[in-house]
Structure formats: structure tokens, C-alpha cells
S.K.: 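Mind looking over this structure? Questions follow.
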Amino acid sequence: MLEDYIAAAVEQATCEYLDDDDLYFCSIPALPGVWSSGDSPESARQELPSVIADWVTVGLERSHRIPVLAGIDLNTQSRQYV
């Protein structure tokens, strides 16, 4: 279930080039604070699954509500993953 959630989240990623920093920045608007950067859009996107997994883990440990993505509600299963 977590792998499906991560895949759905990565699908929603937006990436942009930051001239001032000479790097690509990717974020997921539905997941506040989830972002990654890299020398290319591909390298920035490759970092997202790990960032999302950590974000979800910390959120569940702290009993934060995790946004539902693509119909996947981790909140109903959270006690199984903590």
C-alpha cells in the first residue's frame, strides 16, 4: 500500500529549474514540505520516493493526518505501519 501511495505522490510532482541555484526543484503540492533537488529533473525525481517514505513515517508516528492520494488512505491503516 505504501509503495502505491508513493507512486501516486510522485505522479503529482511538479519540477522547475531554479536559475539562481542552477538546479531542479521538485515538490508535491498535496504533501507540504516534501521536496527534492538535483542537477536534472530525473535526479530530483529519483530522490522523491525516499523523501515521501520518510515524510509519511514521521507523520504517522506523530499521528498527523496524511493526505489521501489516488484513493489511498494511509490513515485507516496507520496503526499497522507505526
Side-chain angles (χ1 to χ4, degrees):
M1 181 181 289
L2 181 57
E3 288 179 11
D4 294 335
Y5 187 88
I6 291 170
V10 170
E11 285 281 321
Q12 295 184 12
T14 60
C15 297
E16 62 183 287
Y17 179 71
L18 302 178
D19 282 329
D20 293 344
D21 297 320
D22 192 32
L23 58 81
Y24 290 86
F25 176 83
C26 294
S27 63
I28 301 168
L31 306 180
V34 172
W35 61 273
S36 64
S37 62
D39 296 337
S40 68
E42 295 80 19
S43 66
R45 280 185 174 274
Q46 286 177 352
E47 296 299 318
L48 282 173
S50 174
V51 174
I52 295 163
D54 291 346
W55 187 88
V56 167
T57 300
V58 170
L60 292 175
E61 286 173 351
R62 295 182 178 185
S63 299
H64 294 171
R65 180 125 180 94
I66 306 299
V68 175
L69 296 179
I72 303 168
D73 186 353
L74 296 178
N75 301 290
T76 59
Q77 303 295 321
S78 64
R79 293 294 163 222
Q80 294 178 9
Y81 298 107
V82 176

S.K.: Between L60 and M1, is there shared hydrophobic-cluster membership here, with clusters defined by ILVMFWY side-chain heavy atoms closer than 4.5 Å?
M.R.: yes
S.K.: Could you measure the distance from the CD1 atom of I72 to the OH atom of Y5? Nearest 0.5 Å is fine.
M.R.: 8.5 Å
S.K.: How far does CG of L69 sit from CD of Q12, to the nearest 0.5 angstrom?
M.R.: 5.0 Å
S.K.: Does W35 have any ring pair (Phe, Tyr, Trp, His ring centres under 6.0 Å) partners at least two apart in sequence or in another chain, and if so, which?
M.R.: F25
S.K.: With rounding to the nearest 0.5 Å, note down the distance linking CD in E47 to CD1 in I52.
M.R.: 11.5 Å
S.K.: Please report the shortest heavy-atom distance between G38 and A44, naming the atom on each side.
M.R.: N-CB, 3.7 Å
S.K.: So S27 and V34, do their side chains get closer than 4.5 Å, heavy atoms only?
M.R.: no
S.K.: List the steps, then state whether side-chain contact (heavy atoms from CB on, under 4.5 Å) holds for N75 with D73.
M.R.: CA-CA 5 Å; N75 301 290; D73 186 353; 2.9 Å; yes
S.K.: Kindly check if the number of other-residue, nucleotide or ligand heavy atoms within 6.0 Å of CG (D39) is above 12?
M.R.: no
S.K.: Pick out which of R45, Q46, E16 makes a side chain to side chain contact (heavy atoms under 4.5 Å, CB included) with C26.
M.R.: R45
S.K.: Determine, stepwise, if the pair L23 / Y17 fulfils side-chain contact (heavy atoms from CB on, under 4.5 Å).
M.R.: CA-CA 6 Å; L23 58 81; Y17 179 71; 5.8 Å; no
S.K.: Please answer: with hydrophobic residues joined when any side-chain heavy atoms are less than 4.5 Å apart, are L48 and Y24 in the same cluster?
M.R.: no
S.K.: Given W55, which of I28, L31, I6 fulfils the side chain to side chain contact (heavy atoms under 4.5 Å, CB included) condition?
M.R.: L31
